[in-house]
Amino acid sequence: MIEDLAERKAQARRVVRQLKKDYADAECALNFDSPFQLLIATILSAQCTDVRVNIVTKDLFAKYPTAHDMAVAPVKTLEKMVQTTGFFRNKAKNIHAASQALVDDYDGEVPQDLAKLVELPGVGRKTANVVLGTAFGIPSGIVVDTHVGRLTRRLGLTEKADAVKVEEELMEVVPKKEWIDFSHRLIHHGRAVCNARKPKCEACHFLKFCPQEGVS
DNA sequence: ATCCCGAGGG
DNA sequence: CCCTCTGGAT
């Protein structure tokens, strides 16, 4: 257990250094042509692989490329188009309502502001941080999804379960200039090596400073 | 059976 | 804090 702040900072430096070594070219795996499309793709990515999101958004963005287009789309049509991403009724309702809100309040543009983004239907801190970081290059927070939460806990950077608390603790120990790439790289590592079910500890370059030394 | 780049509501 | 929404992948 790493409890001391200085100790967690030291651990964070090791993690950041190894992430840069292993995942130098971190990039968002979601396909998009605009901040609006990234926002929609990120809403759809809940409990769903990015590969499937990209399959769905290919047709979705061809038909409704902008907030103005999606705001006037029939919700039933949206439900059918996003059906295979799961939670499809909520997601269809949210992407429709969020598009309408963007048209009403921001002339169809995506605001570059965390508080305004989080007010949009279906947009929480995770989605807002993805859009601000990846579409606008603004490190307004650290994206904490299921991968980032799991890996930072395994690596001893936090012991919190709540995503907001995890983000707070990470922001204490990870330099701000690293925030955007930090999450992308952890997510890549979480998918490729340190996955939830059967982590490949024998192939993991982080093992030498991982407190788990093999999770069950 | 269990997890996937969550959010909203109770 | 908990629960619900949901299909796909393994």
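Chain letters run A, B, ... following the sequence lines, proteins first and then strands; every chain starts at 1.
Counting non-hydrogen atoms under 4.0 angstrom, A/D50 reaches the backbone sugars and phosphates but no base. In this structure, A/V53 reaches neither bases nor backbone, as no heavy-atom distance under 4.0 Å exists between it and the strands shown. Within the nucleic acid shown, A/T127 comes within 4.0 Å of sugar-phosphate atoms alone, with no base atom in reach, counting heavy atoms only. Within 4.0 Å of A/L120, counting heavy atoms only, lie sugar-phosphate atoms of the nucleic acid but no base atom.
Checking B/dC3, C/dC5, C/dG7 against the side-chain heavy atoms of A/T84 singles out C/dG7 as nearest. Between B/dC4, C/dG7, B/dG6, one nucleotide has an atom nearer to the side chain of A/Q83 than all others, and that is C/dG7. Between C/dG7, C/dA9, B/dC4, one nucleotide has an atom nearer to the side chain of A/Q47 than all others, and that is B/dC4.
Note: CG (A/N94) to C1' (C/dC5) measures 11 Å, nearest angstrom. One can place CG of A/N195 at 10 Å from P of B/dC5, the figure rounded to the nearest angstrom. Going from atom CZ of A/R52 over to atom C1' of C/dT6 covers 13 Å, rounded to whole Å. Rounded to whole Å, the distance from CZ on A/F88 to P on C/dT4 is 18 Å. Remark: P of B/dC3 and CD1 of A/I187 are 18 Å apart, rounded to the nearest angstrom. The distance between atom CD1 of A/I40 and atom C1' of B/dG6, rounded to the nearest whole Å, is 15 Å. Remark: P of B/dC5 and CG of A/D181 are 19 Å apart, rounded to the nearest angstrom. Between the CG atom of A/L44 and the P atom of C/dC5 there is a distance of 19 Å, rounded to whole Å.
Note on A/R153 versus A/E159: no salt bridge recorded, every NZ/NE/NH1/NH2 to OD/OE distance being 4.0 Å or above. Salt bridge present: A/K76 and A/E79 bring a charged side-chain N and a carboxylate O closer than 4.0 Å. A salt bridge links A/D50 with A/R191: the distance from a Lys NZ or Arg NE/NH1/NH2 to an Asp or Glu carboxylate oxygen falls below 4.0 Å.
Stacking is found between A/F87 and the pyrimidine-like six-membered ring of the B/dG6 base under the 5.5 Å centre-distance and 30° plane-angle cut-offs.
Looking at every heavy atom in both residues, A/V193 comes nearest to A/C204 through CG1-CB, 3.8 Å.
Close to C/dT6, at under 4.0 Å from its OP1 or OP2, lies a side-chain N or O of A/R89. Note on A/T146: a side-chain N or O is less than 4.0 Å away from OP1 or OP2 of B/dC4. Checking the phosphate oxygens (OP1, OP2) of B/dA7, no side-chain nitrogen or oxygen of A/R125 falls inside 4.0 Å. The side chain of A/R150 contributes no N or O atom lying less than 4.0 Å from OP1 or OP2 of B/dC3.
Checked by atom type, the side-chain pair A/H147/A/R150 shows a donor-acceptor distance below 3.5 Å.
Rounded to whole Å, the separation between the P atoms of C/dT4 and B/dC5 comes to 23 Å. With C1' as the reference atom, B/dT2 and C/dT6 are 15 Å apart, rounded to whole Å. Across the P atoms, C/dC2 and B/dC3 are found 16 Å apart, a figure rounded to whole Å.
A distance-only check finds a donor-acceptor pair linking the side chain of A/K91 to the backbone of A/G86 [under 3.5 Å].
Residue whose closest nucleotide on DNA chain B sits further toward the 5' end, between A/P121 and A/A29: A/A29.
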